[in-house]
Structure formats: C-alpha cells, structure tokens
Amino acid sequence: GIWLETAMPHFKCRQCGNCCQNLKYHNACSEKDYKQWKALDRKDILEKVIIIQSNSQPPQYKIWKEPGTSRFYQKCPWLQPSSIKARYECRIHDVKPEYCRQYPLTRKHAMMTGCKGTFD
C-alpha cells in the first residue's frame, strides 16, 4: 500500500459552519447512511432524502430536499447556531452522513473548500 500523510490527526474543527453552509453536498448520501436512518426510524431525516432509481444502476441518494417540494436546501438544514458566539452545531451529529463525518479529507481539501479549522 501507499502511505499518505494527511495531517488530519492534528485537525481541529472550529465549528464555523462554513462546510455546512457552502459546500455542495446533495450527492453526499451513501446507501449505508440511508439504511442507518431507516433502521433508526429517523423520519425527520428521511423526509429530506430523494432516492433516484435507474433500471441499470444502483439507487442514488440525494440529501436535504425541502419536504413537499423538489427544491434542495441551500445550506444544511441541520446546522444551528451554538450558544457560543460565531459557532455552529449539527442537530444530527451522531447520525450525520459519512461524507460530513470525514470532512475535510486532507489538508489540501480543507484549504480548497474554505475550511477554517486548524492543523496544530
């Protein structure tokens, strides 16, 4: 295998909310995420997911659709201001999509997407 140094063990999130407010995440739902929410009976989350079926392809899961519409939220609907000024919290932190849990993937990814976290 190839070892890549990502510097991620030293990453500290500042909870600025930049990633949740500005990244294009609508394609960031895996089948594993969907099945977890279904097993937990998280109807509040599932109502914001669209499943796109194709005859020859596995289903695609798109997230954070406004219920009752075909529009997507412009920023993550689970983001809320924290009690600490200029910080945000995720209301579904324990079950948020894998994509969100892994963000940022590398120091370069953080820099390219405007992440304000630190790498002490």
Side-chain angles (χ1 to χ4, degrees):
I2 298 173
W3 178 260
L4 294 175
E5 175 61 47
T6 63
M8 295 314 293
H10 306 289
F11 176 74
K12 292 192 178 36
C13 177
R14 295 180 62 187
Q15 293 180 277
C16 68
N18 180 63
C19 53
C20 304
Q21 295 181 67
N22 297 311
L23 295 183
K24 303 297 180 218
Y25 48 76
H26 299 297
N27 295 321
C29 181
S30 69
E31 183 176 18
K32 181 180 174 184
D33 293 325
Y34 180 80
K35 285 182 176 181
Q36 177 188 20
W37 299 329
K38 197 155 178 78
L40 294 170
D41 198 30
R42 291 297 304 262
K43 293 178 181 142
D44 58 329
I45 298 173
L46 293 170
E47 73 178 356
K48 294 175 175 63
V49 178
I50 295 176
I51 303 170
I52 299 174
Q53 299 280 353
S54 172
N55 293 338
S56 60
Q57 301 291 323
Q60 292 181 341
Y61 303 89
K62 298 196 179 272
I63 51 175
W64 312 157
K65 178 190 78 74
E66 294 180 33
T69 74
S70 59
R71 295 184 311 266
F72 287 93
Y73 289 98
Q74 292 301 305
K75 64 179 186 174
C76 179
W78 306 109
L79 185 67
Q80 68 181 13
S82 172
S83 59
I84 300 170
K85 186 178 178 181
R87 289 194 178 187
Y88 291 86
E89 297 173 350
C90 176
R91 291 187 295 145
I92 61 167
H93 183 74
D94 293 340
V95 294
K96 65 185 174 182
E98 184 176 359
Y99 177 83
C100 300
R101 287 191 303 273
Q102 293 177 352
Y103 179 83
L105 299 172
T106 64
R107 181 185 289 253
K108 181 178 179 180
H109 184 229
M111 291 172 51
M112 289 173 58
T113 56
C115 177
K116 294 173 178 51
T118 60
F119 293 87
D120 297 332

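- In this structure, CD on Gln15 lies 14.5 Å from NZ on Lys116, to the nearest 0.5 angstrom.
- Contact between Val49 and Trp37 at its shortest, heavy atoms only, is CG2-CZ3, 3.9 Å.
- The main-chain N or O of Ile52 is never found under 3.5 Å from a side-chain atom of Gln60 such that the two would form a donor-acceptor pair.
- Ion pairing of Asp33 with Lys35 is absent here, as no side-chain N (NZ or NE/NH1/NH2) approaches a carboxylate O to less than 4.0 Å.
- Considering every non-hydrogen atom in both Cys115 and Asn18, the closest pair reads N-ND2, 3.9 Å.
- By the rule that hydrophobic residues join a cluster once side-chain heavy atoms approach within less than 4.5 Å of another member, Tyr73 and Ile92 end up as members of one cluster.
- The CD1 atom of Ile45 lies 8.0 Å from the CG atom of Leu40; values are rounded to the nearest 0.5 Å.
- Atom CD1 of Ile50 sits about 5.5 Å away from atom NZ of Lys65, to the nearest 0.5 Å.
- Contact record, Arg107 with Phe119: NH2-CB, 3.1 Å, taken as the closest heavy-atom pair.
- Closest heavy-atom contact between Cys16 and Gln21: O-NE2, 3.9 Å.
- Residue Arg14 places its CZ atom among 12 or fewer non-hydrogen atoms of other residues, nucleotides or ligands, all under 6.0 Å distant.
- Nearest heavy atoms, Val95 versus Arg101: C-NH1, 4.3 Å.
- Side-chain atoms of Asn22 and Lys75 form no donor-acceptor pair, as typed in the model, at a separation below 3.5 Å.
- Two residues are said to be in side-chain contact when any heavy atoms from C-beta on lie closer than 4.5 Å; Cys19 and Thr113 fail this criterion.
- Taking each heavy atom of Trp78 and Lys48 in turn, the nearest pair found is CZ2-CD, 3.5 Å.
- Listed for the His109 side chain is no donor-acceptor partner under 3.5 Å among the backbone atoms of Pro104.
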Criterion side chain to side chain contact (heavy atoms under 4.5 Å, CB included) on Asn27 and Tyr61, from CA distance to verdict: CA-CA 7 Å; Asn27 295 321; Tyr61 303 89; over 6 Å; no
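- With rounding to the nearest 0.5 angstrom, the NZ atom of Lys12 is 6.0 Å from the OG1 atom of Thr118.
- In the model, Tyr99 has no side-chain atom that pairs as donor or acceptor with a side-chain atom of Ser30 under 3.5 Å.
- For the atom pair Leu79 CG and Cys20 SG, the distance stands at 5.0 Å (nearest 0.5 Å).
- Side-chain contact between Cys76 and Tyr25 is present, with heavy atoms from C-beta onward closer than 4.5 Å.
- Put simply, CD1 on Ile51 and OH on Tyr34 are 3.5 Å apart, with the number rounded to the nearest 0.5 Å.
- The same ILVMFWY cluster, assembled from side-chain heavy atoms under 4.5 Å apart, contains both Trp64 and Leu46.
- With sequence neighbours excluded, the residues satisfying salt bridge (charged side-chain N to carboxylate O under 4.0 Å, His left out) with Glu66 are Arg71.
- No side-chain donor-acceptor contact under 3.5 Å links Arg91 to the backbone of Gln80.
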